[in-house]
Amino acid sequence: MIGLGTMGRNLVLNISDHGYSVAGFDKNAAQVELLKKDSGDRNLFTTSALEEFVNALKAPRVILLLVPAGKIVDEVIQELKPLLSGDDLLMDCGNSHFTDTNTRIEELAKSGIHFMGVGISGGESGARYGPSIMPGGPKDIYKHVAPMLESISAKVKEEPCVTWLGVGSAGHYVKMVHNGIEYGLMQLISEAYHLLKVAGRMNNDELHDVFSEWNNGMLHSFLIEITADIFAQKDELTSNSLVDMILDSAHQKGTGGWTSQDAMKLQVPIPVIDIAVSMRDLSAFKKEREAAQQKLEGPGYKFEEDKKALVSWLEQALYFSMITTYAQGMSLLHYASKEYKYDLKLENIASIWRGGCIIRSSLLDDIKSTFSRQSDLSNIVTDDGIGQKLMQSQIAIRKIVQIAVDTGIPVPALMGSLAYYDSYRSGWLPANLIQAQRDYFGAHTYERNDREGTFHTKWNHENE
Ligand code: 6PG
């Protein structure tokens with residue numbers, strides 16, 4: 001393992017717990033010391049000398065990289081390359097951009113070195129006790145590391161949350177979309193919190209109870225579970241709840257934005273994820289928001305209806321919008337798989353996301369079984385079972401969006417989710433007018449709905 005930060009250290013311990021001999025390297029001797037301290041009576045080889053590390057490994061070597069994505073990965077590869085031999089395998093387990101992974105695969109192949117992009121999800125505790133692992137690369141090479149990855153991964157009903165996903169950068173692509181969905185779900189949950197806190201005037205104890213209850217029902221998922229915990233956490237520095245002391249300005253390392261960028265490039269609509277990225281950006285405009293608050297008024301309406309009804313509508317609204325968020329991510333994977341020739345099996349992806357990762361939820365059981373019936377489905381919303389769930393919960397999300405509009409509480413991801421549903425189920429959309437406008441001002445031409453061909457009209461330019 002190269003890179004002994006928290007994730008790297010925890011993965012080393014996890015691998016070692018499963019009977020594999022493992023060596024750890026980090027340039028920073030302090031990180032090496034931390035691993036030594038955590039390793040107890042394990043017989044781990046650790047060093048901060050790269051050559052010593054490489055020489056300690058039996059060829060062909062299997063080396064996992066867990067260093068920050070970006071140029072550090074290239075720097076490590078450059079230092080490492082002269083020390084490696086043909087048939088050695090490098091597995092980049094960080095959140096690298098999939099196009100970087102493609103470049104690295106090509107570069108290293110020139111020296112006969114194999115390179116795999118491997119997404120790992122589950123945070124610190126996932127790494128230590130069982131993450132969801134998303135490997136891509138050459139299938140025959142994957143076979144050598146499959147037993148090790150299967151043993152350290154999370155398990156759902158004894159099935160390991162890892163499987164080979166596809167060639168090239170497939171693993172990193174799938175991990176990127178996982179993170180895009182993660183952004184969407186987190187934004188939706190925070191909008192529900194906003195409504196409960198402001199419209200429903202609930203305190204943190206009540207919020208803890210609501211989210212705990214939700215986690216026992218149809219919203220059962222890791223993110224709902226940790227949200228319930230968060231509301232129960234007290235601050236160590238004051239006597240307040242910790243959540244109330246945290247600045248409302250969200251950070252990001254970029255994977256959500258990459259998902260949106262690639263979806264835009266492929267022209268696949270994923271509005272909830274796009275909105276989630278924009279809302280993190282908007283949250284960081286804290287000073288501008290505070291200034292605008294002094295000037296711009298909202299509707300001044302207060303929600304006075306039954307709190308219990310609000311909670312119940314919101315539960316269904318979240319269910320509805322979470323389904324459409326997974327649907328958007330899965331649809332992106334469907335089209336990206338064709339464009340990049342990954343040949344992804346979406347059933348397998350839903351399956352390995354059921355445990356270990358940040359977006360694990362009981363909804364993924366339904367999504368997995370949908371793809372087991374229709375492996376090439378471009379959008380799960382048209383599946384009979386899933387469509388039924390959306391139709392049943394749509395009244396609630398319409399009610400919630402109405403309350404948000406009336407009270408002036410921003411719920412863009414919930415709105416985006418509903419608009420996505422309404423647009424996707426519209427056989428006719430007003431895009432004919434957009435085409436007419438394009439042809440009017442730019443002679444961009446249009447197609448007709450009654451005959452084949454491309455048309456241009458000499459419009460009545462009355463205003464010119
Ligand atoms: C995971 C997480 C992990 C990390 C995100 C955070 O699957 O374990 O997605 O990869 O927490 O990169 O991303 P942001 O910093 O962009 O929120």
Side-chain angles (χ1 to χ4, degrees), residues 3 5-11 14 64-70 72-73 91-98 100-101 117-136 149 152-154 156 161-162 165 169-190 221-227 229-230 246-263 270 272-284 322 325-326 329 332-333 349-361 364 413:
T6 321
M7 290 289 288
R9 281 202 310 278
N10 283 352
L11 265 183
N14 186 354
L64 290 86
L65 299 183
L66 244 169
V67 298
I72 299 186
V73 176
M91 297 163 75
D92 175 10
C93 300
N95 281 329
S96 291
H97 195 284
F98 71 99
D100 289 341
T101 303
V118 180
I120 298 202
S121 177
E124 293 174 21
S125 103
R128 180 67 186 89
Y129 300 108
S132 173
I133 307 177
M134 293 154 247
L149 294 179
I152 65 166
S153 75
V156 172
C161 291
V162 56
L165 296 178
S169 52
H172 274 153
Y173 197 91
V174 171
K175 176 63 186 359
M176 178 186 80
V177 176
H178 165 285
N179 282 26
I181 296 172
E182 174 184 304
Y183 274 52
L185 301 180
M186 289 167 77
Q187 174 63 27
L188 289 165
I189 293 171
S190 68
S221 58
F222 173 72
L223 284 169
I224 295 284
E225 179 190 331
I226 65 164
T227 305
D229 278 355
I230 287 169
I246 296 179
L247 190 74
D248 55 325
S249 171
H251 293 212
Q252 53 193 316
K253 290 204 220 67
T255 43
W258 295 348
T259 311
S260 287
Q261 282 167 358
D262 203 59
I270 53 163
V272 175
I273 297 171
D274 302 337
I275 286 166
V277 175
S278 292
M279 287 308 289
R280 285 204 194 185
D281 295 341
L282 207 151
S283 79
M322 284 181 170
T325 305
Y326 284 109
L332 175 58
L333 288 176
I349 295 170
S351 179
I352 64 167
W353 284 352
R354 289 176 308 154
C357 67
I358 306 297
I359 64 168
R360 63 185 186 258
S361 75
L364 283 160

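As the structure lists them, so they are numbered: ligands from 1, and atoms in each ligand from 1.
His172 and Ser96 are not linked by any side-chain donor-acceptor pair at a separation below 3.5 angstrom, with hydrogens and angles left out of the test. For the residue pair Ser361 / Tyr326, a side-chain donor-acceptor distance below 3.5 Å is found, with atom types taken as modelled.
Applying the salt bridge (Lys or Arg N to Asp or Glu O under 4.0 Å) test to pairs two or more places apart or on separate chains, those with a residue in residues 121-135 are Asp17-Arg128. Residues in residues 173-188 take part in no salt bridge (Lys or Arg N to Asp or Glu O under 4.0 Å) pair, two or more places apart or across chains.
Remark: Phe98 engages Tyr173, Tyr340 in a ring pair (Phe, Tyr, Trp, His ring centres under 6.0 Å) (not counting sequence neighbours).
Residue-level contacts of ligand 1 at the 4.0 Å heavy-atom threshold are Asn95, Ser121, Gly122, Gly123, Lys175, His178, Asn179, Glu182, Tyr183, Gln252, Lys253, Gly254, Arg280, Ile358.
Of all non-hydrogen atoms in Asn95 and Ala69, the two that sit nearest each other are O-CB, 3.2 Å.
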